[in-house]
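Reviewing the structure listed below.
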Amino acid sequence: IEKGERKRGARAAESAGGGGGERGAMPVARPEPQEPRVIAHLDLDCFYVQVEQRRNPALRGQPTAVVQYNDWKGGGLIAVSYEARKFGVKRSMRGDEAKNVCPGINLVQVPVSRDKADLNVYRNAGSEVVAILSTKGKCERASIDEVYLDLTDAAKEMLLESPPESSEFTFEEATKSNILDLPSDVGDREENVKAWLCRADANYQDKLLACGAVLVAQLRVKVLEETQFTCSAGIAHNKMLAKLVSGMHKPAQQTVVPSSSVQDFLASLPVKKMKQLGGKLGSSLQDDLGVKTVGDLLGFTEEKLQEYYGVNTGTWLWKTARGFSGEEVEDRLLPKSHGCGKTFPGPKALKNHSSVKSWLDKLCEELSERIQSDLSCNKRVAQTLTLHARASKENECNSMKKFPSKSCPLRYGTGKIQEDAMKLFESGLHDFWGSRSARWSITSLSVTASKIFDIPSGTNSILKYIKGPSSNASTAILDSSSTPELTPFVVHEEQCEPSSIKEECDNSISATQCRLIEGKGAPKKLSKVQGTGSILKFLSQSQPAQHEKRNFDGLICSHQGPGEFFRSKRG
C-alpha cells in the first residue's frame, strides 16, 4: 500500500507540475527568517484609469474604462473605474458591451505607437510611485502597479524612537486601517483601531505591525500628494499574507494581519486564491485530496503531503496552510526582462510569412529600443532572445498542440534582432506544423529579451562598442568581442503558457526609471507628511491637477532565472 501511495503521489505531482506555480514549476519551501519582519504589498487602485484621470481631470468621478488598442467590438477593457463598476461594467467585457450596461461610460484608448498599444505613459507613472516607496525600505517592483516593501528596519527604528503607545497622536490615516479580527462595523471603529495600534501590552510582533501600519499610511498619503494616485495595501509578517489582504478593502485603504488572526483568515480561503495554487497544483489538491480551502490542508501531515507532491512542495504546502512563508522581498526596481507583443484575434490573424515578418519587425524595433535604453541608463545587458506565439491549424479546430516558444543568444542591433526573431518563428512553425504546406493562423506574437545582467564594474565599458546613440537598425550594434553575436545560431525550445495583459506591462525601461536608479542612494528617511487628514478627505478637497497588459497576450516561460515575467493583479 505504501509503495502504491508513493506511485500515486508521483503521478499527482507530475500532473500538477506543469502549471502549479507562476513559472510552471512546483513551489519550494524557503527558510523562514529568524526574527519577525514587516512586509507590505501596495497595489495601485484601477491604475490605468487613474493615469487617464490625471491626464484628463474631467474624468474624475465619472464612469470610465481604459480599452486596449483593438477596435473589435469596441476594444477589450483592461481597467474599470469604481464608478463604472457600480453599473455592472467588468474587465471581461468589450467596449460595446460596457456601453450597453453603462451608456454614460467614458472609454479611453491606450496610446498607440507602431500600430499597437504604447504603455510608456503607464510605466512612467508607475515609476513615480516606486521612487516614493523605495525611500523607506527594500522595494520590489512586482508589476506595473504593485510593489512589495520590506519595512522591518524602519519599523524597528520607529519602535525604538517613537513607538505608537508613547505618542499622544497617531497619524490619522493609520487609524483608518482594517485590522483582521477587529470589529469594523461599530461606530467608534477608528478609536478601536487607534487603541489596537497604541497598545502598551501588545507583543513585539504586533508592535512592529503597528509601526508598519503607520509607515504605510504615511507613504500612501505621500504617493497621493505627489502623484494623485491612491493605492491599497496589506501589512503582514510575510509577502504571502500581505498580498492576500491588500485587495480586501479597496479603494484607498489598508489591511493589517496580526499573527493571531492568520489561522482563522486562511481557514475558509479557497486554495485557488493562493499564489501558486491557481493552476494544476490547486486542481490536484482538490481532485486527489479533496482540499477546497487552505484550512482543509491542516488535516494532512507534512509527511503525507510530501508523499503526494515531493519533499520540497509537500513542506511548502504544510507551511502555507499555517501562514508561514520565507520568501524575501527582492531589492529590485528594474524589470527582469523586456517584452513586447501583439494579439491578432479573429479575422486579424496572420496567415502568411510576410505579415508575420512585418509585425515581428515592429516588435523587434521596440524591443531593441528598450534594451538599448537599459544598457545606456542602467549598464545592463540582455543575453537571450525568445519568441512566443499562439497559432491554430485550419480545419483542425480541436488541435491541442501549442506553438513552441524558441530562444537563442541575443545580438544587439534592430536588424539582427529582427533577423533572429524570424528564424525563431520559422523553427517554431516547423515544429508546430511540420513540413506540410497547409494553412495556419497566428493569433499572438511576442518577443522577449531576458537573462539581463549588470556590466561588471572595473572592466572596459561595453558602451564603447555602441555605434551611435539612436536605436535604428544600423545603430546600437555591439562589437563581436563583447556580444554573443559569434555564437552559432542555436534555437532553444521552452515550455510556456499564456499570460494576462498586465503581466507584460512592466517589462521596459523608461526615462523616469533612469532617474529613479540614479537617485537610488537617497536617504531612507521619509519626509514628514503635513496634515493629518485621510486620503479620502484629500481626494474630496483636491483641485484638478495641471500634470500631465496594450492588448498583450504574452507567454510566461516556466524556466527559472532572470528572464521571468512578473505577475500582477488588476485592482
Side-chain angles (χ1 to χ4, degrees), residues 18 23-24 116 337-344 349-368 370-371 382-396 399-452 473 477-478 480 483-499 504 507 552-565:
R23 298 163 180 146
K116 58 187 291 295
S337 62
H338 303 289
C340 52
K342 174 74 175 176
T343 58
F344 312 95
L350 309 180
K351 298 184 178 181
N352 54 64
H353 287 74
S354 61
S355 60
V356 169
K357 184 179 186 308
S358 175
W359 272 106
L360 272 182
D361 284 351
K362 294 178 182 179
L363 297 176
C364 291
E365 183 180 355
E366 178 181 345
L367 183 66
S368 181
R370 294 185 185 177
I371 63 175
Q383 297 192 6
T384 300
L385 174 68
T386 303
L387 179 134
H388 311 290
R390 285 178 178 172
S392 62
K393 305 173 184 178
E394 290 197 9
N395 302 323
E396 291 191 28
S399 175
M400 298 299 293
K401 188 175 182 180
K402 296 181 179 180
F403 194 102
S405 295
K406 299 288 183 176
S407 64
C408 69
L410 190 150
R411 302 187 300 160
Y412 274 67
T414 302
K416 295 176 182 178
I417 296 175
Q418 291 170 336
E419 177 185 348
D420 291 346
M422 195 62 195
K423 289 181 180 179
L424 294 176
F425 172 78
E426 296 285 1
S427 176
L429 182 63
H430 180 273
D431 291 352
F432 175 72
W433 195 220
S435 58
R436 290 174 289 178
S437 59
R439 296 181 178 179
W440 42 263
S441 297
I442 300 297
T443 58
S444 174
L445 274 177
S446 69
V447 286
T448 303
S450 61
K451 294 186 179 178
I452 303 176
I477 301 175
L478 299 182
S480 60
T483 178
E485 180 181 342
L486 295 181
T487 304
F489 186 89
V490 180
V491 175
H492 306 288
E493 184 170 347
E494 303 176 7
Q495 298 299 321
C496 302
E497 59 187 32
S499 77
E504 188 270 343
N507 298 332
F552 175 78
D553 274 330
L555 300 177
I556 302 285
C557 295
S558 62
H559 65 283
Q560 302 284 339
E564 297 157 350
F565 280 125

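Only heavy atoms go into these numbers, but all of them, side chains included; no hydrogens, no water, no symmetry mates.
A pairwise comparison of heavy atoms in Ser407 and Thr386 identifies CB-OG1, 3.3 Å as the closest pair. The minimum heavy-atom distance between His353 and Met422, with the atom names listed, is O-CE, 3.8 Å. Taking each heavy atom of Ile442 and Ala391 in turn, the nearest pair found is CD1-CB, 3.6 Å. Minimum heavy-atom separation, Leu387 to Ala421: CD1-O, 3.5 Å. Closest approach of Gly341 and Lys116 over heavy atoms only: O-CE, 3.3 Å. In terms of heavy-atom proximity, Ser368 sits nearest to Gly413 at OG-C, 4.1 Å.
One finds the CZ atom of Arg370 at 8.5 Å from the NE2 atom of His338 (value rounded to the nearest 0.5 Å). Between Ser444 atom OG and Lys342 atom NZ the span is 10.5 Å, to the nearest 0.5 Å. Rounded to the nearest 0.5 angstrom, Cys364 SG and Lys416 NZ are separated by 14.0 Å. Annotation: the span from Ser441 atom OG to Arg390 atom CZ amounts to 14.5 Å, rounded to 0.5 Å. Atom OG1 of Thr414 is separated from atom CG of Leu367 by 9.0 Å, given to the nearest 0.5 angstrom.
At a threshold of 4.5 Å between non-hydrogen side-chain atoms, the residues Ile417 and Val447 do not count as touching. When side chains are defined from C-beta on, Leu410 counts as touching Ile371, because their heavy atoms get closer than 4.5 Å.
Classified by interplanar angle (parallel below 30°, tilted 30° to 60°, perpendicular above 60°), the ring pair Phe425/Phe403 is parallel.
There is a side-chain donor-acceptor pair under 3.5 Å between Ser405 and His388.
Considering only residues two or more places apart in sequence or on other chains, Ser355 meets the side chain to side chain contact (heavy atoms under 4.5 Å, CB included) condition with Leu350, Asn352. Residues that satisfy the ring-ring contact (aromatic ring centres under 6.0 Å, His included) test with Phe344, not counting sequence neighbours, are Trp359.
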**Prompt:** Hey, mind stepping through Lys423 and Glu419 against salt bridge (Lys or Arg N to Asp or Glu O under 4.0 Å) and telling me if it holds?
**Reply:** CA-CA 7 Å; Lys423 289 181 180 179; Glu419 177 185 348; 3.4 Å; yes
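More than 12 heavy atoms of other residues, nucleotides or ligands sit less than 6.0 Å from atom NZ of Lys362.
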